[in-house]
Amino acid sequence: MNKHCATIAICLAIAMPAVAAENHGGDVVYTKPVKSVLFSHKLHVEEKGLSCDMCHARTFDMQALKAQENADFTMKSLVEGKYCGACHNGTMAFASNTRCAACHTGVKGGGPPRGGKH
Amino acid sequence: MKQSKHDLGSTKNEGMENVPMEERRQFLKMGLAITGIFAGGTIFSAVSVIDRVFASSEEFTAQYPYKPHYGMILFQNRCVDCERCVAACAETNHVPHEGYRTRILMKEMPDAVGLKREFIPVLCNHCNVPQCTRVCPTKATYKDPVNGIVMMDTSKCIGCLTCQEGCPYNARYFDEHRQAVDKCNFCFDTRLSKGEKLTACAAACPASCRVFGDLSDKGSDLYKAIHQLERPVWVLRPEAGTKPSVFYTKDTSAVAFK
Amino acid sequence: MANGAETAQLTLNGLESMVTTRLKSGSMGYYFLLLLCGGLVLAAAGLGIHAMVAGHDKYYNVYREVPWGILISTYVFFVVTSTGLCLVSSIGHVFGNQDFMPIAKRSVFLSIATILSGFFVIAFEIKIPWRMAIYNVISPNLTSNIWWMGTLYGVYLAFMFAEYVFLLLDRHKPAVFCGFSGSVAGIAAHSNLGAVFGLLMGREFWHGPYMPIYFIASAMMTGCSVIILFHFLGYRINKEEMPVAMKKALRVTAKLGVLLICVILFFTTWKMISGLAGRPAGKYEAVMALLSGPYAVNFWVFELGLGMLFPLVMFIRSKGENLKMMFSGALAMIVGIFVMRYDLVVVGQIVPVYHELGVNEYKHLLSYAPSLYETVITLGGFGLTAFLFLLGEKLFAGHKVEENH
């Protein structure tokens with residue numbers, strides 16, 4: 001059941017840029033190197049007010065999930081300031097090596113626990 | 001009863017340490033004779049209290065009855081439910097599809113301040129006062145007298161499932177292929193007895209969530225993680241009185257990645 | 001019709017002809033029932049063996065979190081009944097209360113029949129029963145209540161069997177000895193069965209000294225109802241008028257039944273209150289499931305209504321004279337007690353062990369409903385008791401006791 005949810009979420013995330021009504025990329029679910037991390041464009045763009053090129057200029061390709069194909073897409077590089085770690089460094093946002101379950105949703109692939117689903 | 005002999009010299013005060021051994025035996029025998037068959041298991045389990053291990057954070061001078069006294073501490077905040085441990089466990093120990101020896105539970109608090117989700121890995125707690133071994137009619141499950149691991153002798157299991165009822169941690173399942181109840185044994189047969197130092201789950205964890213080792217080894221990371229006052233250390237379901245060898249903690253410092 | 005006293009001087013031929021005549025005396029309805037019950041037992045055995053071979057997990061609805069289902073509760077029901085029959089009947093022929101004398105023979109026979117039914121059912125619940133036969137003997141665990149229970153019930157069965165044989169042979173002294181020993185073994189075994197549940201630290205609904213004590217009291221209660229039920233039926237089957245002494249025995253049995261229903265009502269009241277006061281974690285949720293949750297109908301209608309209040313009213317209103325009233329009370333009581341055992345076993349498991357942790361997986365109460373296989377095997381257990389009862393009525397000619405003592 002939960003795995004299905006994750007699969008659906010992944011499909012949605014891939015399809016999102018084409019159908020998205022909003023002017024951002026929606027939810028992106030990373031499954032490598034571990035399952036799963038949910039990146040919410042809504043949270044980062046709408047609520048936190050980040051502009052597209054803050055990340056998409058250099059850190060992340062516009063194509064969703066391209067980053068996770070790279071061999072250095074690991075927690076170790078994040079801590080060293082790459083990818084998410086560019087902001088999640090303890091000064092701009094919480095450090096990459098803390099608050100693990102804030103981004104990691106696990107194999108069960110629960111969404112961002114903000115809604116009242118459970 | 002073998003176990004009790006093993007650690008009588010080293011137990012902590014149970015209020016009886018000044019009573020000579022012979023008198024204690026006499027007393028226990030007397031109790032047995034009186035309560036006889038009606039008491040069934042009860043009196044024996046009362047005796048086994050001397051096996052109690054004071055491995056809570058308050059008890060710095062703990063004495064452990066086993067050598068090595070295998071145990072584990074889980075850094076709950078590090079778990080991200082990647083379930084590599086679950087997969088590694090299943091592969092290493094041939095856990096059938098319908099069963100599991102370790103599992104990750106998810107707790108969500110949508111209205112919490114800050115972090116709104118946490119993962120709680122669970123496994124056999126290798127209790128020092130195990131319910132399962134007490135209730136097993138045929139000693140198919142037993143506490144290993146050397147290393148304290150709660151083991152299964154699958155050939156003796158009659159499948160009454162009383163151990164499953166007794167376990168306060170839901171750590172046991174019936175394996176239809178082996179035709180016996182089965183459970184985590186800290187990978188004793190598959191890894192530890194072959195010279196490996198870690199269980200499959202601990203070795204597979206990418207976030208050092210599971211620290212496995214010898215509770216009685218003062219130099220071990222496990223010992224150091226438990227015997228300190230700076231971080232809270234707890235066990236699951238302490239009210240069940242099982243004295244687990246599996247502990248939980250959270251650390252606020254940054255996680256170190258391999 | 002042959003008298004029980006004759007059995008002492010039997011030849012093999014005489015025995016054969018006697019058995020044949022007795023069996024031939026049944027009506028068509030009797031044979032139909034006998035066949036039906038026999039068929040039920042065979043069906044249950046067939047399904048049970050199939051599940052054993054093909055894998056219990058495919059055919060039973062028990063699962064990891066709820067490993068015990070209706071087969072365990074049915075086993076408990078039968079051994080409760082057996083112990084109750086043994087205890088209530090021993091008041092007469094073991095402890096010398098004349099009023100209870102006439103019910104001894106049939107009750108002892110039925111206590112054997114019910115415990116065999118219990119063993120029949122549990123044989124299909126235990127996954128690898130043949131290992132039990134070996135390792136209970138060569139690798140006993142003396143701290144295990146299950147081990148004591150199993151062993152003591154074995155001893156109990158042997159004593160009850162011997163007692164019945166001595167009763168048949170009209171050898172009073174050894175029968176009394178066996179009856180006494182059987183009662184002791186039965187109480188020990190049965191309280192250990194209570195302890196199987198009561199000494200599990202992690203199961204709040206069961207945990208505590210309550211279970212072993214409650215089991216004995218409810219066994220006596222069950223014994224009273226079963227004695228009334230089967231004696232009423234026995235005389236129906238044999239189409240005989242009930243003698244005065246027997247009527248008197250049933251009257252005192254009903255009186256004892258009233259007392260024991262009150263005891264169990266008292267027990268139940270405090271069990272529920274202790275589960276509510278202070279909302280003890282784990283126990284509160286289970287008690288609420290009984291009082292106002294998914295098991296409320298079971299509790300209020302079956303356990304309380306049919307199991308206790310209706311028979312209480314019937315037994316009292318019958319004044320121990322109106323046999324039909326007593327019979328309907330006893331029948332309702334047995335249905336109620338069966339549900340009581342089911343609730344006791346199932347409700348003890350519905351609060352997940354990690355409920356307090358507040359994790360998504362174990363937020364809600366667990367559920368269980370018996371599968372087809374489990375249901376048929378349960379019915380098979382009842383079939384076996386009924387089959388043995390029907391057979392016994394004819395074979396032993398209404399379990400008559402001579403009137404001379």
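So you know, we letter chains A, B, ... as the sequences are listed, proteins then strands, and number each from 1. Bear in mind that the values here come from a model prediction, so they are computed numbers and not experimental data.
Contact annotation for Glu165(B): both backbone and side-chain heavy atoms come within less than 4.5 Å of a heavy atom of chain C. Interface residue Ile120(B): only side-chain heavy atoms are found under 4.5 Å from chain C. Heavy-atom distances place both the backbone and the side chain of His56(C) under 4.5 Å from chain B. Looking at Phe119(B), there are no atoms closer than 4.5 Å to chain C (heavy atoms on both sides), in backbone or side chain. For Ser155(B), the parts lying under 4.5 angstrom from a heavy atom of chain C are both the backbone and the side chain. Heavy-atom distances place the side chain of Arg103(B), and not its backbone, under 4.5 Å from chain C. With a 4.5 angstrom heavy-atom cutoff, Glu239(B) touches chain C via backbone and side-chain atoms both. For Phe197(C), no part sits under 4.5 Å from any heavy atom of chain B, backbone or side chain.
Contact annotation: the side chain of Val135(B) never approaches that of Trp147(C) to less than 4.5 Å [non-hydrogen atoms, C-beta and beyond]. At least one side-chain heavy atom of Leu357(C) sits under 4.5 Å from a side-chain heavy atom of Leu236(B). Cys136(B) places none of its side-chain heavy atoms less than 4.5 Å from the side chain of Ser144(C).
Among residues 179-187 of chain B, the residues having any heavy atom closer than 4.5 Å to a heavy atom of chain C are, in sequence order, Gln179(B), Ala180(B). Interface residues of residues 278-290 of chain C toward chain B, defined by a heavy-atom distance below 4.5 Å: none.
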Check the pair Tyr169(B) / Val353(C) against side-chain contact (heavy atoms from CB on, under 4.5 Å), numbers first and verdict last.
CA-CA 6 Å; Tyr169(B) 305 103; Val353(C) 291; 5.8 Å; no

Step by step, would you call Phe174(B) with Asp57(C) a side-chain contact (heavy atoms from CB on, under 4.5 Å)?
CA-CA 9 Å; Phe174(B) 190 80; Asp57(C) 57 333; over 6 Å; no

side-chain contact (heavy atoms from CB on, under 4.5 Å) between Asn141(C) and Thr138(B): does it pass, once the steps are laid out?
CA-CA 5 Å; Asn141(C) 181 8; Thr138(B) 58; over 6 Å; no

From CA spacing to verdict: side-chain contact (heavy atoms from CB on, under 4.5 Å), Leu200(C), Gln131(B)
CA-CA 7 Å; Leu200(C) 296 180; Gln131(B) 295 274 334; 4.2 Å; yes

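Across Glu118(B), Lys156(B), Lys107(B), Glu98(B), the residue that shares the most heavy-atom pairs under 4.5 angstrom with chain C is Lys156(B). For the options Gly241(B), Cys160(B), Cys167(B), Gly99(B), heavy-atom pairs under 4.5 Å to chain C are most numerous at Cys160(B). In terms of heavy-atom pairs under 4.5 angstrom with chain B, the leader among Ala189(C), Pro67(C), Gly202(C) is Pro67(C). With respect to chain B, the highest number of heavy-atom pairs below 4.5 Å among Glu65(C), Met132(C), Glu356(C), Glu361(C) belongs to Glu361(C).
Residues meeting the salt bridge (Lys or Arg N to Asp or Glu O under 4.0 Å) test with Glu374(C), sequence neighbours left out: none.
For the residue pair Arg131(C) and Ile158(B), the shortest heavy atom distance occurs at C-CG2, 3.7 Å. When every heavy atom of Arg237(B) is checked against every heavy atom of Glu204(C), the shortest pair comes out as NH2-OE2, 3.6 Å. When every heavy atom of Ser139(C) is checked against every heavy atom of Lys139(B), the shortest pair comes out as OG-CB, 3.6 Å.
Atom OH of Tyr59(C) sits in a crowded spot, with more than 12 heavy atoms from other residues, nucleotides or ligands closer than 6.0 Å. The environment of NE2 in His177(B) is crowded: more than 12 heavy-atom neighbours from other residues, nucleotides or ligands sit within 6.0 Å. For OH of Tyr210(C), the number of neighbouring non-hydrogen atoms (other residues, nucleotides, ligands) closer than 6.0 Å is greater than 12. Counting heavy atoms of neighbouring residues, nucleotides and ligands inside a 6.0 Å radius, atom OH of Tyr248(B) exceeds 12 of them.
One side chain, Arg134(B) or Asn145(C), offers a donor N or O that lies under 3.5 Å from an acceptor on the other.
Side chain of Arg64(C) to main chain of Asn170(B): a donor-acceptor pair is present (N/O by atom type, distance under 3.5 Å, no hydrogens or angles).
Evaluation of the ring pair (Phe, Tyr, Trp, His ring centres under 6.0 Å) test over residues 116-136 of chain C, restricted to residues two or more places apart or in two chains, returns Phe120(C)-Phe124(C).
In this structure, the separation between CG on Leu161(B) and CD1 on Ile126(C) is 8.5 Å, given to the nearest 0.5 Å.
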